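Quick notes on the structure that follows.
Treat the numbers as computed from the prediction; the structure is a model and nothing was measured. Start at 1 and go down the list; that is how both ligands and their atoms are numbered.
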Amino acid sequence: MNKFKNLGLSDDLILLLSELGYKEPTKIQSLSIPLALMGRDILGCAQTGTGKTASFVLPIIEILNNQKSKARMPRSLILTPTRELAEQISIYFKKILKNNKLNFCLLIGGTALTDQDKLLNKGVDILIATPGRLIDHINRGNILFNDLKILVIDEADRMLDMGFIPDIDQISENLPKIRQTLFFSATLNKEILNIGKRFVINPKLIEVSPPSSTSNTIDQYIIKCNNKNKLNTLENILSNIETKNTVIFCNRKKDIGSLYTALKRRNISSIMFHGDLIQSKRQEALREFKNGNNKILIASDVAGRGIDIENISHVINFDVPINPEDYVHRIGRTGRAGKKGTAITFVLKKDTKYLQEIEKLIKMKIKIFNINLEEKKIQDYEFDTLYESNQIPNFLKR
Ligand code: ADP
Ligand code: MG
């Protein structure tokens, strides 16, 4: 018997899921869908790429089915930290709602307010929004939340951190107190759960694996290097390792531009993706990357959360992230849905403390990268000494 059936989902949805190639539910889906269908609040924590999206999308559809929303009165709201994640979730709804009367609306910044307003006026069942744009609509009186049944906060720890919490509080003031609330993330620590308390009622905490653990489908490495040889090392990796799509993360937006130019000078073409680009450029960048026109995306942490792109075989942290949770999310762009991936983090001497924080969070020591690029096999190699002496190992040379 189809294991989705045991979760209480309807036959129509199950048929659709099999068309999507979902043979059986993932762990987080098995644990959270039945509880969500019962109306429970959920704090769901499961590793990156393990199907948290369907864990809230499917119950929303079941719960809202057979009724229609009134004008300006959505019945569910999904909040995400980035426009691209919101858009991705809306595309997921589009696929799953193809034979269904329920409708959705994407409310994200950088797009026209008036089109969104027209849709809201017609009546929308599911709103998928980033906080800033949602607040714009609330302030304009475009939305009434009296009928809201379900609130989802995806990437919940990011949404409850200092940057977003004032927005979330403001939005929450407009929502009915009696509603169902679902939180999901791959990293939910005690402090965040504490902050989250005020948004939920008697929630069920679901932790599939240790919080903030990284998926074992991702091979993780560090490369110790210095400022002088960092770029050469990257160039060598990009030119010698067989990759499909690669995301390179930098900590600062201005470094994305410098790295883009430096790689271009070395005849390596890439795409930039960060929050200072206008929305059409952001969309174009992701589109080019997704369709394989360009295989290298240099990104800020805007691309770190939730983005699900097939064929990302490698994530390279050109800078060690300052916030250890960001490491988990960045490398989680690869090794998704059971596929294999590789993550390589460049570590300068001054980054040692950040690396230690990451290793403490994920509760493992990250291996030193020692793949022989010529023979493509693992070999003992003393990177540390080589790199400290500012030389490039032979096998990293072209
Ligand atoms: P998460 O939010 O946990 O990081 P996503 O919801 O983005 O993960 O899902 C990761 C990928 O796994 C997506 O491409 C999704 O279509 C796929 N997926 C989710 N659930 C299943 C399933 N039950 N069977 C097969 N693939 C699935
Ligand atoms: Mg997700």
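Residue pairs meeting the side-chain hydrogen bond (donor to acceptor under 3.5 Å, both in side chains) criterion with at least one partner in residues 254-265, sequence neighbours excluded, are Arg252-Asp255.
A donor-acceptor pair under 3.5 Å links the side-chain atoms of Thr217 to the main chain of Gly335, judged by distance alone. With hydrogens and angles ignored, the 3.5 Å screen pairs a side-chain donor or acceptor of Lys149 with a backbone N or O of Asp147.
Considering Asn317, Ile368, Ile344 as possible partners of Ile223, the one that fulfils the side chain to side chain contact (heavy atoms under 4.5 Å, CB included) test is Ile344. Here the rule is salt bridge (charged side-chain N to carboxylate O under 4.0 Å, His left out) with Arg158, and of Asp167, Asp301, Asp326 only Asp326 fits it.
Here Ser55 contributes atom OG and Lys27 contributes atom NZ; the two are 13.0 Å apart, rounded to the nearest 0.5 Å.
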List of N/O pairs, ligand 1 versus protein, all under 3.5 Å?
{"residue": "ligand 1", "atom": "3 (O)", "partner": "Thr50", "partner atom": "N", "Å": "3.1"}
{"residue": "ligand 1", "atom": "3 (O)", "partner": "Gly51", "partner atom": "N", "Å": "3.1"}
{"residue": "ligand 1", "atom": "3 (O)", "partner": "Lys52", "partner atom": "N", "Å": "3.0"}
{"residue": "ligand 1", "atom": "3 (O)", "partner": "Lys52", "partner atom": "NZ", "Å": "2.8"}
{"residue": "ligand 1", "atom": "4 (O)", "partner": "Gly49", "partner atom": "N", "Å": "2.7"}
{"residue": "ligand 1", "atom": "4 (O)", "partner": "Arg336", "partner atom": "NH2", "Å": "2.9"}
{"residue": "ligand 1", "atom": "6 (O)", "partner": "Lys52", "partner atom": "N", "Å": "3.3"}
{"residue": "ligand 1", "atom": "6 (O)", "partner": "Thr53", "partner atom": "N", "Å": "3.0"}
{"residue": "ligand 1", "atom": "6 (O)", "partner": "Thr53", "partner atom": "OG1", "Å": "2.6"}
{"residue": "ligand 1", "atom": "7 (O)", "partner": "Arg336", "partner atom": "NH2", "Å": "2.9"}
{"residue": "ligand 1", "atom": "8 (O)", "partner": "Gly51", "partner atom": "N", "Å": "3.1"}
{"residue": "ligand 1", "atom": "8 (O)", "partner": "Arg336", "partner atom": "NH2", "Å": "3.4"}
{"residue": "ligand 1", "atom": "14 (O)", "partner": "Asp308", "partner atom": "OD2", "Å": "2.5"}
{"residue": "ligand 1", "atom": "16 (O)", "partner": "Tyr22", "partner atom": "OH", "Å": "2.6"}
{"residue": "ligand 1", "atom": "18 (N)", "partner": "Tyr22", "partner atom": "OH", "Å": "3.4"}
{"residue": "ligand 1", "atom": "20 (N)", "partner": "Gln29", "partner atom": "NE2", "Å": "2.8"}
{"residue": "ligand 1", "atom": "23 (N)", "partner": "Glu24", "partner atom": "O", "Å": "2.9"}
{"residue": "ligand 1", "atom": "23 (N)", "partner": "Gln29", "partner atom": "OE1", "Å": "3.1"}

